[in-house]
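Taking it in order: structure first as structure tokens, then the write-up.
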Amino acid sequence: MSIQQSDVLYTAVATAENGRDGRVSTSDGQLDVVVNPPKEMGGSGAGTNPEQLFAAGYSACFQGALGVVARNENADVSGATVTAEVGIGKNDEGFGLIVKISAVIPNVDRAKAEELIEKAHQVCPYSKATAGNITVELAV
């Protein structure tokens, strides 16, 4: 379900210059990075790239969702880590993304960890935004 503008609690504002081979910065100055295509895509690889930025945001957001789910279930996710791997490749429309979310949750058994990440996937705003648009694999 989408939200309305009146529901917005915070809006991030980022501006890109020269697309994949330039610079990206946020309006508050907290992020200001050079972006370059990775060497695998013919670029210099000298800066970060949009896929790395997306992976960083997705992993942080998913970790937050995992915490919400864990609190609701009284599960201990202290010491947990979430890693997002974002791949980019050619598809029929040009390019597409694929994501693998891996979680290490040391204080619960494998079955509980799988249950928690599946539930986190249902609440994570990034997962909701990409649902039906890209393949997202979950792993523990």
Nearest 0.5 Å, please: how far is [atom2] in [Y] from [atom1] in [X]?
X: R71; Y: L66; atom1: CZ; atom2: CG; answer: 9.5 Å
X: D76; Y: I105; atom1: CG; atom2: CD1; answer: 10.0 Å
X: M41; Y: K90; atom1: CE; atom2: NZ; answer: 8.5 Å
X: S102; Y: E85; atom1: OG; atom2: CD; answer: 5.5 Å
X: E73; Y: E115; atom1: CD; atom2: CD; answer: 5.0 Å
X: N72; Y: L116; atom1: CG; atom2: CG; answer: 10.5 Å

When hydrophobic residues are tied together by side-chain contacts of less than 4.5 Å, even through go-betweens, does F95 share a cluster with I98? no
Are I134 and I101 joined in one hydrophobic group, where the rule is that I, L, V, M, F, W and Y side chains link up if heavy atoms are under 4.5 Å apart? yes
Can you see which heavy atom on [X] is nearest to which on [Y], and at what distance?
X: C61; Y: C124; answer: SG-SG, 3.6 Å
X: V82; Y: Q63; answer: N-OE1, 3.3 Å
X: K100; Y: A139; answer: CE-CB, 3.8 Å
X: S78; Y: P106; answer: O-CG, 3.9 Å
X: K128; Y: V123; answer: CE-O, 3.7 Å
X: A14; Y: V24; answer: CB-CG1, 4.3 Å

Within-4.5 Å side-chain heavy-atom neighbours: [X] and [Y]:
X: V140; Y: R110; answer: yes
X: I88; Y: V86; answer: no
X: N36; Y: S44; answer: yes
X: V99; Y: Y126; answer: no

With under 30° as parallel and over 60° as perpendicular, where do the rings of Y58 and F62 fit, or are they tilted in between? tilted
[X] side chain vs [Y] backbone, donor-acceptor pair below 3.5 Å:
X: N49; Y: G45; result: no
X: T26; Y: L31; result: yes
X: D7; Y: Q4; result: yes

Where do H121 and V136 land on the side chain to side chain contact (heavy atoms under 4.5 Å, CB included) test, with the steps shown first? CA-CA 9 Å; H121 189 49; V136 177; 3.6 Å; yes
T48 vs L53, test: side chain to side chain contact (heavy atoms under 4.5 Å, CB included). Steps then yes/no. CA-CA 7 Å; T48 190; L53 296 170; 4.2 Å; yes
Using side chain to side chain contact (heavy atoms under 4.5 Å, CB included), reason through V35 and D21 one step at a time and then give a plain yes or no. CA-CA 5 Å; V35 290; D21 207 0; over 6 Å; no
Side chain to side chain contact (heavy atoms under 4.5 Å, CB included) between E51 and R20, worked out: CA-CA 10 Å; E51 291 70 40; R20 290 183 157 273; 2.4 Å; yes
